[in-house]
Amino acid sequence: MNHYDTICAISTPVGTGAISVIRVCGDDAFNICDKIFISNNNVKISDFQTNTVHFGEIVDSKFSLKKIIDEVLLSLFVSPHSFTGENVVEISCHGSIFIQQEIVRLLVENGCRLAKPGEFTERAFLNGKMDLSQAEAVADLIASQSAAAHKMALNQIRGGFSSELKKLRLQLLDFVSLVELELDFSQEDIEFVDRTKLLELTKDIELKISKLANSFQTGNAIKNGIPVALVGDTNVGKSTLLNLLLNEERAIVSEIHGTTRDVIEDCINIQGITFRFIDTAGIRKTTNKVENLGIERSFEQIEKASIVLWLVDGTNVSEHIEWLTEMIFERAKEKKIILIFNKIDKLSEGELEILEHLFSPFDCEKIKISAKKRLNTELLQKVLLQTAQIEQIFQNDVIVSNIRHYQALNNAQIAICRVIDGLKSNISKEFIAQDIRQCMHYLGEITGEISTSEILENIFSKFCIGK
């Protein structure tokens, strides 16, 4: 791919809207646009000041009378003061699909090439306007569907994650420089740094890498929605609760036991956090093969979920509650469980006390609701937010949400742990230096300081065209 040619693309979503933006980028962007744009004062684009907007017309000069395509606003950004670091022109036209296509056609006929997916952001990376993790965060920002996902992506674009990685790599660089300096003077048996201090430093670095890697579970949940499994016996109100939370008739509600036999999934945004609710088949002892398949899927969803909403019908506690409890807790190890007593509108105070006493041995959050009567559903949402425990995203902590970053951090952690073991066992400095370099390599892969064309192509091919 020639990164010095001039590219163009429609940067707004496909379809008809009030306006559309067409982006042109490259060394010849101004000359090409001059061939199809006439300003209202007949000034050439190259004579415009940077970061200015101008009114004019897009014309097709093949016709003797110069066919007018549209009246537009043209925004000008002169290198290096642009998103990509190159000359950039953005044409804001009317949103007609015909107009968009005609302008792109004229640009291509006059020397532009159609941009590939993510090519504008790739150029920004190649021109040093952002590192690779920041570039990937651009795609996350565009795809964000909640306040938390938006803030997490914005923090990464601003360099929060990159800053942490640069600090770690700088520490490792200082570390490996001292070790390799000792190797140069190995015959003199000179020691430039205290081994105890080096061990403390590597332990601190390992702790920071571990913290970043461990944040991936939170980051992935924020990005894709925190998985919440609704589980319990048949007819306890799981589908009713799901419909209530989603505010639509998503699941079939019936008094017939075993109505839900497959997994039903949908998302809801609660105060900026996306929760992905999964309604599962009622768990009970049955000989029905089809229902048993649904129950097995319920168990699978429990293991995948971050939060388990365990619903109990307060008016009719199942006779096999002990079996059910054992099955749920066995598969929900290390999960966050919220025990929900449903249908409380039909219970007296005395019956509620008996119910609470029956489930008192279970160490988990407990709340009472009536899904049908919409009682305490706001309390449920509050408890869900508290249980999610992702307040750190609103405290500007660095959160990892990209699987590529997570894998690189895991590899970096393995390498730094080898360094720690090597220092403890006093192995040869050559091996210690090699492991430090390996750790630096994996951290550099995240920011793009270490990258290949194959990695870049894979990353930017997932972007939308025009970005």
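Any value given below was found using the heavy atoms of this structure, including those in side chains, with hydrogens, waters and symmetry copies removed.
- A distance of 12.0 Å separates CG in L165 from CE in M440, rounded to the nearest 0.5 Å.
- Nearest approach of T121 to A135, heavy atoms of both residues: CG2-CB, 3.8 Å.
- Of all non-hydrogen atoms in C112 and V24, the two that sit nearest each other are SG-CG1, 3.8 Å.
- With contacts defined as side-chain heavy-atom distances shorter than 4.5 Å, the pair I307/L384 qualifies.
- Residues passing the side-chain hydrogen bond (donor to acceptor under 3.5 Å, both in side chains) test with N458, sequence neighbours excluded: none.
- Judged purely by atom type and a 3.5 angstrom limit, S144 has no side-chain atom pairing as donor or acceptor with the backbone of S146.
- One N or O on the side chain of Q156 and one on the backbone of I399 form a donor-acceptor pair closer than 3.5 Å.
- Of all non-hydrogen atoms in A115 and I465, the two that sit nearest each other are O-CG2, 4.0 Å.
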Report task. Would you sort out whether I268 and F277 count as a side-chain contact (heavy atoms from CB on, under 4.5 Å), showing the intermediate values? Result -> CA-CA 8 Å; I268 181 175; F277 288 99; 2.8 Å; yes
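- Residue pairs meeting the ring-ring contact (aromatic ring centres under 6.0 Å, His included) criterion with at least one partner in residues 197-216, sequence neighbours excluded, are F216-Y406.
- Annotation: side chain of I22 is not in contact with side chain of E90 (no heavy-atom distance under 4.5 Å).
- A donor-acceptor pair under 3.5 Å links the side-chain atoms of T202 to the main chain of L199, judged by distance alone.
- A pairwise comparison of heavy atoms in P80 and K129 identifies O-NZ, 2.9 Å as the closest pair.
- Note that the CD1 atom of I338 and the CG atom of L311 stand 10.5 Å from one another [nearest 0.5 Å].
- Residues T377 and L244 form a side-chain contact, since some pair of their non-hydrogen atoms from C-beta on lies under 4.5 Å apart.
- At a cut-off of 3.5 Å, with distance as the only test, no side-chain donor of E86 or S79 sits close to an acceptor on the other residue.
- Within the structure, the ring-ring contact (aromatic ring centres under 6.0 Å, His included) test picks out no pair touching residues 114-138 (sequence neighbours left out).
- To the nearest 0.5 Å, atoms NZ (K382) and CD1 (I367) are separated by 11.5 Å.
- Among V312, N342, D313, the one residue that satisfies the side chain to side chain contact (heavy atoms under 4.5 Å, CB included) test with V236 is D313.
- Ion pairing of E119 with R23 is absent here, as no side-chain N (NZ or NE/NH1/NH2) approaches a carboxylate O to less than 4.0 Å.
- We find that R105 and E102 are joined by a salt bridge, their nearest charged nitrogen and carboxylate oxygen being less than 4.0 Å apart.
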Requested in this report: Could you check I273 against N269 for side-chain contact (heavy atoms from CB on, under 4.5 Å), going step by step and ending with a plain yes or no?
Outcome: CA-CA 5 Å; I273 309 297; N269 188 295; 5.9 Å; no
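- A salt bridge is defined here as a Lys NZ or Arg NE, NH1 or NH2 lying under 4.0 Å from an Asp or Glu carboxylate O, and D140 with K223 meets this definition.
- A distance of 11.5 Å separates CG of L141 from CG of N155, quoted to the nearest 0.5 Å.
- No donor-acceptor pair under 3.5 Å is formed between the side chain of D435 and the backbone N or O of A415.
- Not a single donor-acceptor pair under 3.5 Å links the side chain of Q413 to the backbone N or O of E206.
- Not one N or O on the side chain of S401 forms a donor-acceptor pair closer than 3.5 Å with the backbone of N220.
- Under the 4.5 Å side-chain criterion, counting only non-hydrogen atoms from C-beta, N51 is in contact with F77.
- Remark: the T447 side chain and the S162 side chain contain no N/O donor-acceptor pair separated by less than 3.5 Å.
- Here the straight-line distance linking atom CG of L347 with atom CD1 of I354 works out to 10.0 Å at 0.5 Å rounding.
- Between R169 and E449 there is a salt bridge, since at least one side-chain N of the basic residue sits less than 4.0 Å from a carboxylate O of the acidic one.
- Of all heavy-atom pairs between R158 and Q134, the closest is C-NE2, 3.9 Å.
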Requested in this report: Give the C-alpha distance, both sets of side-chain angles, the deciding distance and a yes or no for side-chain contact (heavy atoms from CB on, under 4.5 Å) between L375 and I369.
Outcome: CA-CA 5 Å; L375 296 176; I369 72 165; 5.7 Å; no
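- With contacts defined as side-chain heavy-atom distances shorter than 4.5 Å, the pair L456/L126 qualifies.
- Other residues, nucleotides and ligands place more than 12 heavy atoms under 6.0 Å from the CD atom of E351.
- Taking the side chain as every heavy atom from C-beta outward, L241 and I340 approach each other to under 4.5 Å.
- The heavy-atom pair separating M152 from G219 by the smallest distance is CE-O, 3.6 Å.
- Between the side chain of K336 and the backbone N or O of T387 there is at least one donor-acceptor pair closer than 3.5 Å.
- Heavy-atom neighbours of K372 NZ from other residues, nucleotides or ligands within 6.0 Å: at or below the threshold of 12.
- Applying side chain to side chain contact (heavy atoms under 4.5 Å, CB included) to E136 and the options I459, I157, D131 leaves one that passes, I459.
- A donor-acceptor contact shorter than 3.5 Å links the side chain of N127 to the backbone of R123.
- One distance of note links CD1 of I416 with SG of C439; it measures 4.5 Å at 0.5 Å rounding.
- Side-chain polar atoms of E445 and H405 form no donor-acceptor pair below 3.5 angstrom.
- At a threshold of 4.5 Å between non-hydrogen side-chain atoms, the residues L212 and L168 count as touching.
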Report task. Could you walk me through whether I205 and L172 pass the side-chain contact (heavy atoms from CB on, under 4.5 Å) test, one step at a time? Result -> CA-CA 8 Å; I205 291 173; L172 288 166; 3.8 Å; yes
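- With a 4.5 Å cut-off on side-chain heavy atoms, L339 and E365 do not count as touching.
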